[in-house]
> 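Sending over a structure as structure tokens; questions will come in a sec.
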Amino acid sequence: MTSAAAASRPVRVFHSPRYFADIGEHVMPMRKFALVREAIERSGLPVRLVEPEPVSDEDLLRVHTPEYLRAVATGEPRALSESQKFPWSPALAGAVRFTNGGCVAAAFAALEDGVAGNLASGFHHAHADHGEGFCTFNGLVVALERARAEGRIGRALVVDMDLHYGNGTASLLASRPWAFALSLYGNWYKQNRAYRDVEAERAPDTENSWSVPVPGGSGGAAYLEILARHLGPAIERAAPDLILYQAGADPFREDPYSPLDLTHDDLRARDEIVFRAALERRIPIAWVLAGGYTPDVSRVVEVHLGTFVAAVRAREAMGAAGDLER
């Protein structure tokens with residue numbers, strides 16, 4: 001691909017109406033995925049919206065246990081099928097297949113185009129045998145395992161910028177020494193516990209999962225300095241063939257769970273740093289949405305739209321500088 005072609009090709013972004021399941025009144029606004037799609041379509045920026053295939057049992061079983069898959073599919077046992085804290089329904093069981101299929105599709109599109117996105121989360125709290133924190137299946141690890149199984153990657157890095165620590169991803173990577181995670185967070189998520197206006201509690205580092213808590217009250221300058229200080233070394237240490245970026249909206253200053261003082265401009269600057277760090281090194285990067293509990297959902301949509309804008313601008317800048325393919 002020439003640099004001109006790389007910069008002019010529409011960015012593939014994955015979304016389906018089947019991402020939505022009616023879970024009633026809930027702190028997680030499921031309708032936001034469609035609202036982000038509409039905002040992207042109105043933006044006038046180059047985008048190709050694509051509907052993904054649902055993730056397969058084969059893909060899920062590389063990461064999750066058969067018992068857990070069966071519970072999510074059937075709703076029984078109910079405690080396990082609802083371990084992510086959503087009310088189970090056949091619609092939900094179908095929706096999580098499509099949202100995770102979008103993670104897989106975005107990873108493969110990034111490998112082909114340099115940059116791609118999925119308008120759903122990476123579900124970084126999901127463990128092998130249960131869900132947590134509104135995360136059913138861990139789409140990040142599912143996508144990486146699929147890419148590795150097909151010989152598309154040897155090593156990978158997850159850059160997790162959700163407000164909450166990616167505990168499910170860390171647990172899954174413990175047995176996957178070829179994959180790495182950098183989690184930069186303002187809260188360490190624990191089941192049934194949320195923090196606000198307190199210092200982040202540090203999660204344990206492992207050989208391939210690195211924890212970076214951000215002090216409560218941090219503004220944009222401090223947050224971006226911490227990111228810049230850790231991101232480059234993490235990329236160099238991981239030497240990835242692919243980066244998956246969990247672009248959380250919940251560090252936003254208006255989020256009810258956030259102890260951080262970050263504006264929309266700060267979060268767009270965050271996104272630009274991450275995309276440029278990948279593309280300057282010619283590393284394909286796929287992003288996913290995450291978090292975002294501000295009661296005014298339009299404020300959450302603005303964060304996610306900013307991530308898309310940052311992806312397009314970074315690709316255009318790097319395309320102008322040289323070929324995006326390594």
Side-chain angles (χ1 to χ4, degrees), residues 1-20 29-52 98-99 101-103 105-122 161 220 224 243-252 254 262-280 284-292 294 296-325:
M1 184 192 305
T2 66
S3 60
S8 62
R9 176 180 290 186
V11 176
R12 276 189 279 176
V13 176
F14 293 85
H15 177 263
S16 169
R18 285 179 275 192
Y19 283 14
F20 178 82
M30 295 283 278
R31 69 188 187 282
K32 81 168 183 178
F33 304 136
L35 294 175
V36 175
R37 174 180 180 147
E38 292 169 7
I40 288 174
E41 289 176 314
R42 291 193 302 268
S43 72
L45 292 168
V47 60
R48 179 184 166 200
L49 285 154
V50 184
E51 183 163 343
F98 277 92
T99 53
C103 289
F108 276 74
L111 288 167
E112 295 169 1
D113 298 345
V115 183
N118 182 40
L119 301 189
S121 176
M161 300 292 294
L224 297 174
I243 293 174
L244 298 185
Y245 173 35
Q246 174 115 335
D250 43 4
F252 182 47
E254 296 176 19
L262 303 180
T263 66
H264 284 115
D265 287 343
D266 295 330
L267 293 173
R268 279 191 292 271
R270 170 202 71 177
D271 297 335
E272 290 175 6
I273 289 171
V274 174
F275 286 119
R276 284 179 175 269
L279 296 179
E280 286 172 355
I285 180 168
W287 86 90
V288 297
L289 311 185
T294 304
D296 181 353
V297 72
S298 70
R299 305 289 279 166
V300 180
V301 170
E302 186 175 349
V303 176
H304 292 319
L305 178 62
T307 302
F308 172 72
V309 171
V312 171
R313 289 178 177 169
R315 193 191 62 161
E316 289 175 346
M318 293 304 101
D323 195 344
L324 288 174
E325 292 189 331

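Values below: every heavy atom of this structure, side chains too, minus hydrogens, waters and symmetry copies.
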> Decide if atom CZ of Arg313 counts as having more than 12 heavy atoms of other residues, nucleotides or ligands within a radius under 6.0 Å.
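Count not over threshold, so no.
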> To the nearest 0.5 Å, what is the distance between CD (Glu112) and CZ (Arg9)?
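Answer for the CD-CZ pair, Glu112 versus Arg9, is 8.0 Å.
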> Compare every heavy atom of Ser43 with every heavy atom of Leu305, then report the nearest pair and how far apart it is.
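Leu305 and Ser43 have their closest heavy atoms at CD1-CB, 4.4 Å.
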> Heavy atoms, side chains only, cut-off 4.5 Å: are Lys32 and His304 in contact?
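Yes, side chains in contact.
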> Measuring from atom CD of Glu272 to atom CG of Leu224, what distance do you get when rounded to the nearest 0.5 angstrom?
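Interatomic distance, Glu272 CD to Leu224 CG, rounded to 0.5 Å: 10.0 Å.
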> Go through Thr263 and Asp266 one step at a time and tell me if the side-chain contact (heavy atoms from CB on, under 4.5 Å) criterion holds.
CA-CA 5 Å; Thr263 66; Asp266 295 330; 3.1 Å; yes
> So Val288 and Tyr245, do their side chains get closer than 4.5 Å, heavy atoms only?
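They are not in side-chain contact.
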> Salt-bridge test for Arg268 and Asp265: reply yes if a basic N is under 4.0 Å from a carboxylate O, no otherwise.
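Looking at Asp265 together with Arg268, the answer is yes, because their closest N to O distance falls below 4.0 Å.
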> Do Asp296 and Thr294 have side-chain N/O donor and acceptor atoms under 3.5 Å apart?
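No donor-acceptor contact under 3.5 Å links the two side chains.
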> Quick one: pull up CD in Glu302 and OG1 in Thr307 and give me the separation to the nearest 0.5 Å.
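Separation between the atoms: 11.0 Å.
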> Let me confirm one number: the CG-CZ distance from Leu45 to Phe308, rounded to the nearest 0.5 Å.
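The CG atom of Leu45 sits 5.0 Å away from the CZ atom of Phe308.
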> Considering the options Val297, Val13, Val301, which one meets the side-chain contact (heavy atoms from CB on, under 4.5 Å) requirement together with Val36?
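Option passing the side-chain contact (heavy atoms from CB on, under 4.5 Å) with Val36: Val301.
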> Return the minimal non-hydrogen interatomic distance between Asp250 and Gly291, and the atom names on each side.
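So the two residues come closest at OD2-CA, 3.6 Å.
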> Do Pro284 and Ile243 have side-chain heavy atoms sitting under 4.5 Å apart?
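No, too far: nothing below the 4.5 Å cut-off.
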> At their closest point, which heavy atom of Ala106 faces which heavy atom of Ala116, and how far apart are they?
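In terms of heavy atoms, the two residues are closest at O-CB, 3.5 Å.
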> So, for Ala105 and Pro52, which heavy atoms are closest and what is the spacing to 0.1 Å?
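For Ala105 versus Pro52, the nearest heavy atoms are CB-CB, 4.1 Å.
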> Any idea how Phe33 and Tyr19 line up, ring-wise: parallel (<30°), tilted (30 to 60°), or perpendicular (>60°)?
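Rings of Phe33 and Tyr19: perpendicular, as their planes differ by over 60°.
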> Looking at every heavy atom in both Ala249 and Val300, which two are closest together, and how far apart are they?
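Residues Ala249 and Val300, closest heavy atoms: CB-CG1, 3.9 Å.
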> Run the side-chain contact (heavy atoms from CB on, under 4.5 Å) test on Thr99 and Ser121 for me, step by step, so that the C-alpha distance in whole Å, both residues' side-chain angles and the decisive distance to 0.1 Å come before the verdict.
CA-CA 8 Å; Thr99 53; Ser121 176; over 6 Å; no
> Which value, rounded to the nearest 0.5 Å, describes the distance between Phe108 atom CZ and Phe14 atom CZ?
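Answer rounded to 0.5 Å: 11.0 Å.
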> Distance from Leu262 atom CG to Arg270 atom CZ, nearest 0.5 Å?
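Here the interatomic distance stands at 8.5 Å.
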> Any non-hydrogen side-chain atom of Pro17 less than 4.5 Å from a side-chain atom of Glu51?
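The answer is yes, as the side chains (C-beta and beyond) meet within the 4.5 Å cut-off.
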> Under the side-chain contact (heavy atoms from CB on, under 4.5 Å) rule, what do Glu38 and Ile40 come out as? Steps first, then yes or no, please.
CA-CA 5 Å; Glu38 292 169 7; Ile40 288 174; over 6 Å; no
> To check you understand the geometry: which heavy-atom pair defines the closest contact between Val115 and Ala311, and what is its length?
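What the structure gives for the nearest pair is CG1-CB, 3.9 Å.
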> side-chain contact (heavy atoms from CB on, under 4.5 Å), that's the test. Do Leu49 and Glu41 meet it? Break it down for me.
CA-CA 9 Å; Leu49 285 154; Glu41 289 176 314; 3.3 Å; yes
